[in-house]
Amino acid sequence: MPDKVKVATVWLDGCSGCHMSFLDIDHVLLDIADKIDLVYSPLVDNKDFPDMVDLTLVEGGVSSVDDRAKIIKIRKHTKLLLALGDCAITGNVPAMRNRYPVAAVEERAYIENADVNQRPPSLVVPKLLPKIQPVHTVVPVDIYLPGCPPPGPVIRDALVALLNGQMPDVSPRFG
Amino acid sequence: MMPVKTFKIDGQDVSGREDETILEIARENDIFLPTLCNIAGLKPVGACRLCMVEVAGSNKLLPACATRVQEGMEVTTNSERLQKYRRMILEMLFVEGNHICSVCVANGHCELQWLAEKLGVDHTRLNYMFPAKEVDVSHYRYAIDHNRCILCTRCVRVCAEIEGAHTWDVSGRGIEAKVVTDLNTPWALSETCTECGKCVQVCPTGALFKKSRAVGEMVKDGQFLPYLKTMREVDNA
Amino acid sequence: MHREEFEQIVQAERDKHRAYEHHINVCTALGCVAYGSEKVVDALEAEVKERGLEHKCKITGVGCLGLCGNGPIMKTEPDNQFYQSVKPSDSADIIDHLGKEPVKRIHLPQNSPFFIGQQRVVLSNAGKIDPEEIESALAFGAYRALFQAATEMTPTEVLREVTASGLRGRGGAGYPTGLKWSTVAKMDDTIKYIVCNGDEGDPGAFMDRSIMESDPHRILEGMAIAAYAVGATEGYIYVRAEYGLGIQRLKKAIRQAEKMGFLGNNIFDSPFSFNVQLRLGAGAFVCGEETALIASIEGQRGNPRPRPPYPAMSGLWGHSTLINNVETFANIAPIILNGSEWFAGIGTKKSAGTKVFALSGKVNRVGLIEVPMGITLRQIIEGIGGGIPDGRAFKAVQTGGPSGGCIPQEHLDTPVDYESLRELGSIMGSGGMVIMDDTSSMVSVARYFMEFCMDESCGKCIPCRVGTAQMHELLTRFVDKEATEADLELLEELCDMVSQTSLCGLGQSAPNPVMSTLRYFRDEYLQCIAPAQEPA
Amino acid sequence: MVRPVEVAPPSDDKRWRIINATMRRYGYKPHALIETLHAVQEAFGFLDDASLSFVAQRLNVPMSKAYGVATFYHFFSLKPPARHNCVICLGTACYIKGSDQMLKSLGEAYGIEEGEITPDSEFALLSARCVGGCGQAPVAVVDGEVVSGLTPDNVVAMVREKINHAS
């Protein structure tokens, strides 16, 4: 089906609540599923980001070098980028670490609060950036859907509008 | 006898006593003007700049809350330029503090959050400043989270003008400004606080709140103070 | 007091002054003190004493003689010779040469370009009188204008003179002084106040300090004449606490004037009474804004409030208040003495009189100058200032401090007047004039002023409190050469928004240095935009 | 006429008499707050809770307001002063001539940042927005005395010399 819209979702520094909310759109999911191809997402098993997708929903702020590299790459391979939820748009709860130096954050997380294996993160854990930043400060974003998480109906209306070739006209709020 | 002036707001003919402000007359006529520092019953300070309006013949914008009505003036409340400035003001408030609506006691009952929604602020291009601000939970009934304070000074004014305690005032200046109790004393140790709770009731955000309120539970008690007439209630009425 | 009595006092002081064959006036204003001028005074006095010339030769510590960069400066009279960079060891030579050829090695010739084009009205007594002795001021005409106004003119006549002179506020905005005075005069208030704004806070400005240090009586006299004209009985001088010497001299001047009966109750035995108090600022630039200044005199935080009501209607403690700046008041006595026509004849049609500037930065001759309005920037910088040192090229002149802008080479032939400078995106300001050469980065200069405004913002209104911090952050990105095109766009939007929506002049004008450098030196901003980054 | 509240000074230090005299001169009116705080700072070198509280009560000024005023004006300090201090002027004329570099040199030499005091309370490094000495730019004020002829290279030596000379 060549005219199916290619959609990706990506999960940066967030709690996955926005993805849950996305799934919360109930039966509309089935209608949408007919029209889209979910080509890359934590919800599907596909390791590589495709060459070009039509729409990417991004949840979470840009917190590590890995996040940054990922979103820069995705931006290059997606036509429309939609920032989904407060973490992607403002930094939100994860940004509460921004007032502390990274070393203090790691000390707290990996040593003070650890019951076993009290040691700094190993090499495979991506290096944290000094501060979490909203996605649009790293790459251009086309659509913003704030909310923590954005309610299912808001996501639904936005997707339906986009699939109809219109920019979503919703009045969502932070939090 | 106070002379009455007739003038126009957004083309609509209105009238007001000469000691009334543009804002009062706009509200009277159900014309929406956003405000955050203003609250009916307390002296206007003209600080938040959200209610700025255009007046024909003047190239300066004027704060509706602090501008008296004049005969024949033609007021515009909602030009594109004003909308743009208002959104920017709200964005400034969001970036200067740490407003994390999702975990705030006032989520869903916050004037800042509500105005952002109403004026269509869905993100900001300004730089989040992520300041290191304090939380004072020393008091047994109330708490203040400076991360959520927008320095509207409603608490300072209600405490000084209505309660007469003047427990609150602003310390420091510029981006470092902060509301304090007494000599920056922990709230619990304040010698002047009467624990009346007026400050908590007038706070437009979740900065001042009653303890034991969880996320979204800090609802203002409309009956508590008869003069607690915020723009929000007026607009929703 | 009759005119005869007053003339007698003045004549007596004049005679005392003339009893000396020679006068050596050494500048003891802040600048020259920093170069050690007090030691020069001591050495000269010792030398005079040793030679037994105490009755022939008088050494006087005076106010500013102008060429601050080459201090200590001194002047001999009646020879009229200036000396520069004087050391205590020069004393003997200086005294040897009194009434003869001047000492060559330290001589500053009268035909030095520094003096050409200058005209002293405000500073006419600076450098002549001992600022700490009212007698010395009287010998040079102090309080004569007050005498004339209070005993021989009606308040309306005084108002008419000031209005006709065309004098405009020297604090920066150029509001017509006569109009301001008439408004206060017309107010039906039982108590009225005169406030002198001496909270000179612009970095790069020291005109008001010099006037306070050099001729404090001139300020008091101007205030008293204003009080008489508008019907005020109380006055306040608000001075920055940093100006220790100026404060000390003003305090002394107030005491002496009270003692002589020029201030206080029933001045010159007339029904007119006027008392002056000094109030100290405490380090807040925003207090130069008139409503903030009033709050500060009332003992409060210097937060501005919306105008109207203007201070003329509701000022200090809710009463009608006239606020003028130091230099404005210092212009009053000469206007009364010489007439409005004389004053209006100086300068240009719309900007009458002279303006005192503090010339500093990358310029050969640094100092305090007074020039008629309408002189060109080039005449000041290349003529009086002697151009740029070290063979470097001129780049810009900054006027108006943090509320003003940077003017480039191509506009150097612009006449100095309120309107022309505003057209160039700067302002007259209070008189700071800082010269920059080709080593100065305009983006850094813009950030420097933004940092100033950010630190000095009172924090009351959001656009100024947050806007200045946001613009400072953006400008830092430019200075660090990490900016993007989006940053430039946002910076320009912020400039517009902050200037349009801020509560007071500080916020409204805070974007000016950025806007003017963007206008004339946009290239420098563009050069600070980093090339688009490739992902790592 | 409100009778002044009888409040005892925080201690029997004789300097409180000067403070009292200042307040009396202004009739214990609230508007004497800034003048009185100047007097306190001149007498004691800084403002602490005890002095702020005393002055506030004596002048009938709310404590939070006194604190607000004391922290609004940068001339007032809530910390004890160092034995010596150097104020670097950051006015435009001084800035153009490299006073920010001077600040850096001094900061490095004393191991403190602008606005800080050395751990032994000997030296404070401060900056001013303009001391009005633009003619001599760049200038510094060392222990109250204006010093000119400075460069980023000689400033440390000049300041040390001034301080040693004084003590």
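We name chains A, B, ... by the order of the sequence lines, and we start the count at 1 in each one.
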Report the option among Pro308(C), Cys453(C), Cys461(C) that has the most heavy-atom pairs separated by less than 4.5 Å from atoms of chain B.
Cys461(C)
Other residues, nucleotides and ligands only: do more than 12 of their heavy atoms fall within 6.0 Å of CZ on Arg68(B)?
no
Measure Glu456(C) against the heavy atoms of chain B and call it side chain, backbone, both or neither at under 4.5 Å.
both
Tell me if the CD atom of Glu419(C) is crowded by more than 12 foreign heavy atoms within 6.0 Å.
yes
CG/Asp496(C) to NZ/Lys84(B) distance, rounded to the nearest 0.5 angstrom?
5.0 Å
Given Ile462(C) and Leu151(B), is the side chain to side chain contact (heavy atoms under 4.5 Å, CB included) satisfied, shown in steps?
CA-CA 9 Å; Ile462(C) 300 159; Leu151(B) 290 165; over 6 Å; no
Enter the distance from Asp455(C):CG to Arg173(B):CZ here, rounded to the nearest 0.5 Å.
7.5 Å
Looking only at non-hydrogen atoms, find the nearest pair between Arg465(C) and Leu93(B) and report the distance.
NH2-CD2, 3.8 Å
Whatever's closer than 4.5 Å to a heavy atom in chain B on Gln500(C) counts as both
Can you tell me how far CZ of Arg125(B) sits from CG of Asp487(C), rounded to the nearest 0.5 angstrom?
10.5 Å
Report the option among Cys37(B), Gly172(B), Pro63(B), Cys152(B) that has the most heavy-atom pairs separated by less than 4.5 Å from atoms of chain C.
Gly172(B)
Under 4.5 Å heavy-atom distance to chain C, tell me which part of Asp169(B) shows up: side chain, backbone, both or neither.
side chain
Working note: Val45(B) + Lys460(C), criterion side chain to side chain contact (heavy atoms under 4.5 Å, CB included); need CA distance, chi angles, decisive distance, verdict.
CA-CA 9 Å; Val45(B) 285; Lys460(C) 179 175 173 175; 4.1 Å; yes
Please classify the contact of Arg477(C) with chain B as side chain, backbone, both or neither, using a heavy-atom distance under 4.5 Å.
side chain
Please determine whether the number of non-hydrogen atoms from other residues, nucleotides or ligands lying under 6.0 Å from atom CG of Asn59(B) exceeds 12.
no
In terms of heavy-atom pairs under 4.5 Å with chain B, which of Pro304(C), Gly302(C), Ser502(C) leads?
Ser502(C)
Please walk me through it: do Leu490(C) and Leu126(B) pass side chain to side chain contact (heavy atoms under 4.5 Å, CB included)?
CA-CA 8 Å; Leu490(C) 182 59; Leu126(B) 303 177; 4.0 Å; yes
Show the nearest heavy-atom pair for residues Pro306(C) and Ala66(B), with the distance to one decimal.
CG-CB, 4.0 Å
Whatever's closer than 4.5 Å to a heavy atom in chain C on Arg81(B) counts as side chain
Would you give the length of the straight line joining atom OG1 of Thr501(C) to atom CG of Leu50(B), rounded to the nearest 0.5 angstrom?
9.5 Å
What do you reckon, is CD of Glu191(B) surrounded by more than 12 foreign heavy atoms closer than 6.0 Å?
no
Please classify the contact of Ile150(B) with chain C as side chain, backbone, both or neither, using a heavy-atom distance under 4.5 Å.
backbone
Roughly how far apart are Gln470(C) CD and Met92(B) CE, rounded to 0.5 Å?
6.5 Å
Donor-acceptor pair, side chain of Arg301(C) and main chain of Val170(B), under 3.5 angstrom
yes
Counting only heavy atoms from other residues, nucleotides and ligands, does the tally under 6.0 Å from CD of Glu18(B) exceed 12?
yes
Validation row: Met88(B), Glu493(C) side chains within 4.5 angstrom (heavy atoms)
yes
For Glu176(B), I'd like to know if atom CD has over 12 heavy atoms of other residues, nucleotides or ligands within 6.0 Å.
no
Ala486(C), part contacting chain B, at a heavy-atom distance under 4.5 Å
neither
